[in-house]
Each structure stands twice: as C-alpha cells, then as structure tokens.
Amino acid sequence: MWRVTNLPAHRPERVVMKFGGSSVADPEKIKNVARQIAAAHERGLEVVGTVSAMGKTTDSLIALAHDVSPDPNGRELDMLLSTGERIACALVAMAIHDLGHVAVSLTGSQAGILTDSSHTKAKITEIRATRIEAALAEGKIVLVAGFQGFSRETMDVTTLGRGGTDATAVALAAALGAACEIYSDVPGVFTADPRIVPDARKLLAISYEEMLEMSASGAKVLMLRSVELARNHGVRIHARSTFSDEPGTWIQENTGMEQPIVSAVTHNESEVVFTLSGIPDRPGAAATVFDAAAAAAVNVDTIIQNVVHGVAELSFSVPAEDVPATRGAIDVATAALGTMEIEENHDLGKVSLIGAGMRSHPGVAAKMFRTLADLDINLEMISTSPIKISCMIERGDIPRAVRALHAAFELEREPVAE
Ligand code: ADP
Ligand code: ASP
Ligand code: MG
C-alpha cells in the first residue's frame, strides 16, 4: 500500500495536468501543451504538469536497447527509458518560459517520487513533495518527468511500466491534494477503442471498478496502476482531449445511478500464451510454476489446466514484455518438476466484455459466445470475473470480434435507466 505522509486536504486551486506521448510528439504540440498549462496558471491555479516521452520515443529506445543486447539489463534499461520523459519535460518547461511564466522541470527523483526497486515495473511507494511544494509556493509551474522514480533501497532510477505517466499523475494528485486531469489524443474513455469501432460512444463517467477491469484487459487509455492508485486514494480522474475543450470522462466512485449490463468491449493483442504439457498431476505442481513466475515478476493472466491420464497440461497468458522472464521462470519450474513440453503461442488475442450490471444479469456470456460463433470464431480460452468475461481468440479476428460485440450489445446507444 502506498503511503502518503500528512495527506493534504483536497485543494481545488491545485491541478495536476498529464499529457501523453502523442500530445507532445513534436515542437508545435509541445508549445500547445505549454499554452494549456500556462492558461491554467493564468486562471489562478497552482499547476503541476507531467508529460510522457515525445511520440514513440519509448518504443524506439526499447528497440535500440534490443539492437545492442538480446535481454537488456533492467537497471540500464531504466536509465535509458527515463531519458525520454526528461527530454519532453525540459522542452515543455522551456516553452512555458517563452510564454512569460516561470517553470521548473524535475526528474522523478528530484520530484521525490520514491518507488520499490523492481526495474521496468516499479511501484510508487511514497512521494516526498517538499521540492514541488516549495516551487509552487514561489509561484512556479512545476513539470515532473513522468513514468519514473527512484529506489531508496538501491539508489537507482526506476520506471513504472508502459503508460506509467498516468500513475505519476494520479500519485502526484493524491500527494498534493490536487485535481487530476489526464489529457490524450482521445476525448475520454469510450465503449470500445474508437480506432477499431468508429461509432464507439464516449462515457460521461465510469466507476473505478469497471475502469480497473477495462485497463487490465487492454484499454490502454489509462494505465491499470493509475486506476488502482486513484481508487485507493479517492482521486477523481478527468480523462479528456488535449486537442479540444469538450468534457471528457470522469473515473470515480460508483454513483449507483447507472449500472449498464455491459459498459464496454476491450481487446488486447499483445499477450502470449504458454502451454506446458507433461506436468506431474500432484499437489504443488501448479504452485511450483506460478511461484517461479511470481519470483520473476511475471503478470500471469488467464490460466487453464487440463488433466488427462494423470498428466496435467497448463496454459496461461502473459504480457509480451514478460516473455523472457516467463521463459526463465519455466526453466526454474522444470528443474523442480522434471522435463515438460513447452509451447509458446504468439497468435492469440483477447476480447472482453466489462459491465457492473453483469453481476445480476445472467445470459451475457451465452450471448457473447453466440456472437463470436456466428462469425465462425473459435474460443481458445475463457476467463471470467463478476463484472468481466474474456475470450482468447485468433489475433487476426480481434477487430471484427470487437465490432460485432459492440453492435450485439448496442453499446453505441445511450443506456436507458431501468
Ligand atoms: P497517451 O499517449 O496520451 O498516454 P495512449 O495511447 O496511452 O495515450 O492511450 C490513448 C489510446 O487508447 C487511444 O488512442 C485509443 O486508441 C486507445 N484506447 C483503447 N481503448 C480505448 C477506450 N475504450 N477508450 C478510449 N481510448 C481507448
Ligand atoms: N513513455 C512511456 C510509455 O510509452 C510512459 C507513458 O507514455 O506514460 O509507455
Ligand atoms: Mg498512455
């Protein structure tokens, strides 16, 4: 659990404004972000900005690392990746100076963002905001490099995982008692990825609970960890567009007003399924595999086990970036359990339905499976939670599956109150 020392009261005159990579992709866009931050300051707000690396910088840096090394060292990868956000942050600060405001850019460690020491997926443990507070007290605009922190245990720079600037923004808002505005290239959270479903509808509000499931199942508009932090600290997030003034989506406690059966369809095309066969069918075999995965910090998602004639077969999905760590974990498990047959499938994707109303409405799964069957799509794996149903299917089928489910559940229509 994340610690906030002397949690400040909510201060409506303070705002944390987060801009993603596409919002700072080139010099003109950087100047636009600077104008928006300066405008908030001119309205009398204390402003802390946090930005992601420009455009696809992080992807390029990761590719560069892999050109140099097949399995880059985690500490060095974080040293490398954290530079992307520092560049963007310093450039925004320069552009703000040109607008006649005083701005100061800070790295994650200068800003007092402390994390655990798990490289490339560190968790924020505490924010020591004294330096930010001092700069705000002097009337300065503060820019914090997103996606990064500092481990006091190892004295090293860490990064927070893909999309991590969302977590920086929410954690800063909690620590500073500020409002939290997350600006990106979409005007809010939609009933499906608007790049795939043209008539996807923007949601005015969504509960933390549903947003957690959406983020966990692939809706990258908000990073999962940022929603967890928001829920744990009661931060209302306003997810909105960098390029227009229209109101976005509020991510907040459930108001209890509207509980659609299905709120959204999500998809994920970057998971890999591992299948281990020939596992001895005895107590502790699965524990051995998943202990090894946990020790390697692998985020395991869907799991299926079959037992035939005293031998077990275990399939599970992991995010693409965890594949090398998973292979290492399987080596450890093999040493304990004996030789197993190992298969990796990189051709599957996951489509999910999310809705808090599912709890009390049977029949959603049947309708989902029927819709996919009508498209002749085979279900490779199925997993459920009280408010989510997920199916692993051929990756190439994902776009038409998402569109068909969106249409079958009529998500383009405003829900009618029951
Ligand atoms: P940023 O760079 O600002 O952090 P991201 O690229 O991380 O932005 O997230 C925004 C993207 O999330 C959008 O371009 C959109 O394609 C995608 N997305 C996926 N699912 C959804 C959804 N349900 N609602 C809105 N956007 C979504
Ligand atoms: N630049 C990082 C990424 O691409 C962090 C972020 O965008 O929030 O994942
Ligand atoms: Mg993002």
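Every number for a ligand or one of its atoms is a count from 1 in the order of the listing. None of the values given here were measured: they were computed from a predicted structure.
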Below 4.0 angstrom from a heavy atom of Asp185, which ligand 1 atoms are there? Numbered from 1 as shown, please.
-> 10 (C), 13 (C), 14 (O)

In terms of residue, atom name and distance, what is the protein heavy atom nearest to atom 24 (N) of ligand 1?
-> Phe190 N, 2.9 Å

Below 4.0 angstrom, N of the basic side chain to O of the carboxylate: do Glu181 and Arg240 qualify?
-> yes

Is it true that Asp347 and Arg395 have a side-chain N and a carboxylate O under 4.0 angstrom from each other?
-> no

Thinking salt bridges, do Arg195 and Asp185 make one under a 4.0 Å N-O criterion?
-> yes

Counting from 1, what ligand 2 atoms have a heavy atom of Gly163 closer than 4.0 Å?
-> 3 (C), 5 (C), 6 (C), 8 (O), 9 (O)

Any luck finding a side-chain donor-acceptor pair between Thr159 and Gln148 under 3.5 Å?
-> no

Does Gly21 come within less than 4.0 angstrom of ligand 1, counting non-hydrogen atoms of the residue?
-> yes

What's the shortest distance from atom 16 (O) of ligand 1 to any protein heavy atom, and which residue and atom give it?
-> Arg195 NE, 2.6 Å

Counting from 1 in the order shown, the ligand 2 atoms closer than 4.0 Å to a non-hydrogen atom of Arg162 are 3 (C), 4 (O), 9 (O)

Proximal atoms of ligand 1 relative to Ser184 (non-hydrogen, under 4.0 Å) | 3 (O), 8 (O)

Nearest-neighbour protein heavy atom for atom 26 (N) of ligand 1, which is reported as residue plus atom name and distance | Val221 CB, 3.6 Å

A student comparing Gly188, Pro187, Ala219, Gly164 should find that the heavy atom closest to atom 25 (C) of ligand 1 comes from Gly188

Is ligand 1 less than 4.0 angstrom away from at least one heavy atom of Gly163?
-> no

Which ligand 1 atoms, with their elements, are less than 4.0 angstrom from a heavy-atom of Gly20?
-> 1 (P), 2 (O), 3 (O), 4 (O)

Lys/Arg N to Asp/Glu carboxylate O, Lys350 vs Glu271, below 4.0 Å | yes

Among Ser52, Ser184, Gly21, Gly20, closest by heavy atom to atom 7 (O) of ligand 2 is Ser52

Taking NZ, NE, NH1 and NH2 as the nitrogens, is one of them in Lys388 or Glu213 under 4.0 Å from a carboxylate oxygen of the other?
-> yes

Distance-only side-chain donor-acceptor flag, Ser352 / His267, under 3.5 Å | no

Of the side chain and backbone of Ser52, name the one, both, or neither that has a heavy atom under 4.0 Å from an atom of ligand 1.
-> neither

Does the pair Asp59/Arg162 count as a salt bridge with the N-to-O cut at 4.0 Å?
-> yes

Under-4.0 Å salt bridge between Glu253 and Arg236 | no

Quick one: which ligand 1 atoms are inside 4.0 Å of a heavy atom on Met214?
-> 23 (N)

Is the shortest distance from a heavy atom of Ala264 to ligand 1 less than 4.0 Å?
-> no

Would Glu85 count as a contact of ligand 2 if the rule is a heavy atom under 4.0 Å away?
-> yes

Indicate the ring-plane relationship of Phe316 and Phe274, choosing parallel, tilted or perpendicular according to the 30° and 60° boundaries.
-> parallel

Show the numbers, then the answer: is there a side-chain hydrogen bond (donor to acceptor under 3.5 Å, both in side chains) between His101 and Glu42?
-> CA-CA 9 Å; His101 294 255; Glu42 279 158 21; 2.7 Å; yes

Counting heavy atoms only, which of Val24, Thr50, Thr165, Leu81 is nearest atom 8 (O) of ligand 2?
-> Thr165

With no hydrogens and no angle check, do the side chains of Ser270 and Asn268 hold a donor and an acceptor under 3.5 Å apart?
-> yes

In Å, rounded to the nearest 0.5 Å, how long is the span from CG of Asp166 to CD1 of Ile237?
-> 7.5 Å

From the candidates Lys220, Met223, Lys202, Lys56, the one that places a heavy atom nearest atom 7 (O) of ligand 1 = Lys220

Which residue owns the protein heavy atom closest to atom 15 (C) of ligand 1, what's the atom, and how far is it?
-> Asp193 OD1, 3.4 Å

Ligand 1 contact by Lys18, heavy-atom criterion under 4.0 angstrom = yes

Purely on distance, is any nitrogen or oxygen of Gly161 under 3.5 Å from one on ligand 2?
-> no

